[in-house]
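The figures that follow rest on heavy atoms only: side chains count, while hydrogens, waters and symmetry mates do not. Here, residue 1 is the first one in the sequence, and each next residue gets the next number.
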Amino acid sequence: MSAFPPAREQQRKMEEGRAYSQDGVLSHLEMLEAQAHELALKQEETEQQEEKLARLKARVQELRLRRDELQAKVDLQQKRLLGKEGVVTSSAPDAAQPSDRAVLEWKMKSVQAMLQVFYLTGISGKLTKHGVCFCISTAYEGTYLDSYYLDLLTKPEVRIRRHSVPVFIPLEQLAKKYLQTDIKRFLSVLSDHLNAYVGRRYQADQLQERFSERLEGALQRNSLCNVLVFNYNTSGKNQTFPFSAKLLYGDLCRSLPTEAVVSCTPDAPASLAGRTAAHSDVFRHVALHKAFDSISSPEEGLDRAP
């Protein structure tokens, strides 16, 4: 039997209920404040990264303009040199064309000037007794990744002697299209392919390393990393993975997908199924590991099927 009269017992329970309710509200407010602080930090980090990316893009544009200016000067010097050598040699009785030595010197100067131009865009090289050896350095968003080497023979025609380019990069097709007619274009397009490949690979590695708790098993990818398939959730706090994504990179010179197909499991709530279009849009416009930050949900229960 209670030690308090019925009225006092009821009053005591009401006071305890109010105290418990107040504690619950305070706990909820603290949780919301913590989430708001975390989101503010993420937003600040994202803004800093966007500013850094903008500076890097501006620097790349500046270097490309500088490269074009230098290339124009090189082309002009080549024309002047060839014209000067032609005037000198044409004074000989039987010389209507520049001498072999003059042509060789002109080619050597052209190659040296070209090496200086490419150095500004991550492509360096040195002359060898067989021809020239190029080094293509790759990076993604300011992070250096890998270097690939290309050893070219220049006699009797330009051809590839040896290289370290991955077998799945279309090197042979690029060589057939550009190598004999425009070596600058050949190296530029090859560099685009390599940088795009390492960029896709870097994003996939970052996703696997940083967000493994949000993925169901390992991310599936092919050697070229132009097809990625994975199942995921947006909180990482439960064992259900309602979303499935397939990213296709139709342009091999880009590190962002041209198509992103996102679907939901049949038993997922309508609130989750409605997010697939938004997720698809994010995956097509934002680096993969950064996309996971933007689609993350602070509420664990949103990923759970009822």
Side-chain angles (χ1 to χ4, degrees), residues 60 63-64 66-90 92 94-140 143-201 223-225 252-253:
V60 168
L63 290 175
R64 285 176 176 172
R66 177 61 177 160
R67 177 198 62 186
D68 294 341
E69 291 175 358
L70 289 174
Q71 185 59 54
K73 292 180 180 179
V74 169
D75 293 341
L76 181 60
Q77 290 175 354
Q78 289 175 355
K79 292 178 181 178
R80 288 176 176 174
L81 178 63
L82 187 58
K84 186 180 297 184
E85 294 293 347
V87 171
V88 172
T89 54
S90 61
D94 56 347
Q97 298 294 330
S99 67
D100 292 341
R101 181 174 180 178
V103 172
L104 179 59
E105 290 178 353
W106 171 70
K107 287 184 176 181
M108 293 290 288
K109 291 181 179 179
S110 298
V111 170
Q112 290 173 340
M114 184 177 62
L115 294 181
Q116 176 62 27
V117 170
F118 276 120
Y119 178 76
L120 297 173
T121 55
I123 304 176
S124 58
K126 62 179 181 179
L127 298 176
T128 67
K129 63 180 180 180
H130 303 287
V132 60
C133 181
F134 288 99
C135 172
I136 301 176
S137 299
T138 60
Y140 184 74
T143 300
Y144 168 79
L145 296 173
D146 295 320
S147 290
Y148 299 94
Y149 295 89
L150 195 67
D151 193 3
L152 299 182
L153 297 175
T154 55
K155 295 179 182 181
E157 63 180 12
V158 181
R159 69 181 190 274
I160 300 172
R161 180 169 178 251
R162 56 187 177 184
H163 65 86
S164 63
V165 176
V167 295
F168 42 78
I169 299 295
L171 178 63
E172 184 176 345
Q173 293 92 316
L174 296 178
K176 185 178 297 185
K177 187 174 182 179
Y178 298 114
L179 189 57
Q180 299 302 323
T181 57
D182 192 345
I183 190 171
K184 295 186 291 294
R185 178 67 175 162
F186 167 72
L187 291 171
S188 178
V189 175
L190 178 59
S191 176
D192 290 343
H193 274 269
L194 291 171
N195 275 281
Y197 156 65
V198 299
R200 297 191 297 268
R201 186 191 65 190
S223 299
L224 194 53
C225 290
L252 297 182
C253 289

(request) Evaluate the criterion side chain to side chain contact (heavy atoms under 4.5 Å, CB included) for residue pair Val198 and Tyr140; output intermediate values, then yes/no. (result) CA-CA 7 Å; Val198 299; Tyr140 184 74; 5.5 Å; no
(request) Check step by step if side chain to side chain contact (heavy atoms under 4.5 Å, CB included) holds for Val158 and Gln180. (result) CA-CA 6 Å; Val158 181; Gln180 299 302 323; 4.2 Å; yes
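In this structure, Leu153 CG and Lys155 NZ are separated by 11.0 Å, a value rounded to the nearest 0.5 Å. Atoms OH and OG, on Tyr144 and Ser137 in that order, are 5.0 Å from each other to the nearest 0.5 Å. For the atom pair OH of Tyr178 and CG of Leu187, the computed distance is 12.0 Å after rounding to the nearest 0.5 Å. For the atom pair CD1 (Ile160) and CG (Leu171), the distance works out to 4.0 Å, reported to the nearest 0.5 Å. We find the CZ-OG1 distance between Arg161 and Thr154 to be 11.5 Å, quoted to the nearest 0.5 Å. For the atom pair CG (Leu152) and NE2 (His130), the distance works out to 12.5 Å, reported to the nearest 0.5 Å.
Under the 6.0 Å cut-off for aromatic ring centres, Tyr197 and Phe168 qualify, their centroids lying closer than that.
Counting heavy atoms from C-beta outward, Lys184 and Ile123 have side chains that stay 4.5 Å or more apart. A heavy-atom distance below 4.5 Å is not found between the side chains of Lys126 and Val132. At least one side-chain heavy atom of Tyr148 sits under 4.5 Å from a side-chain heavy atom of Pro166. A heavy-atom distance below 4.5 Å is found between the side chains of Phe186 and Leu190. In this structure, the side chains of Asn195 and Leu145 stay at 4.5 Å or more apart for every pair of heavy atoms.
Side chain of Arg201 to main chain of Cys225: no donor-acceptor pair is present (N/O by atom type, distance under 3.5 Å, no hydrogens or angles).
In terms of the side-chain hydrogen bond (donor to acceptor under 3.5 Å, both in side chains) criterion, Tyr149 has no residue partners (sequence neighbours excluded). Applying the side chain to side chain contact (heavy atoms under 4.5 Å, CB included) rule to Asp192 yields the partners Ser188, Cys253; only residues at least two apart in sequence or on another chain are considered.
Atom CZ of Arg162 is surrounded by 12 or fewer heavy atoms from other residues, nucleotides or ligands within 6.0 Å. Residue Glu172 places its CD atom among 12 or fewer non-hydrogen atoms of other residues, nucleotides or ligands, all under 6.0 Å distant.
No option in Asp146, Val189, Val165 other than Val165 meets the side-chain contact (heavy atoms from CB on, under 4.5 Å) test with Leu194.
Shortest non-hydrogen contact noted between Arg159 and Leu179 is CA-CD2, 4.0 Å.
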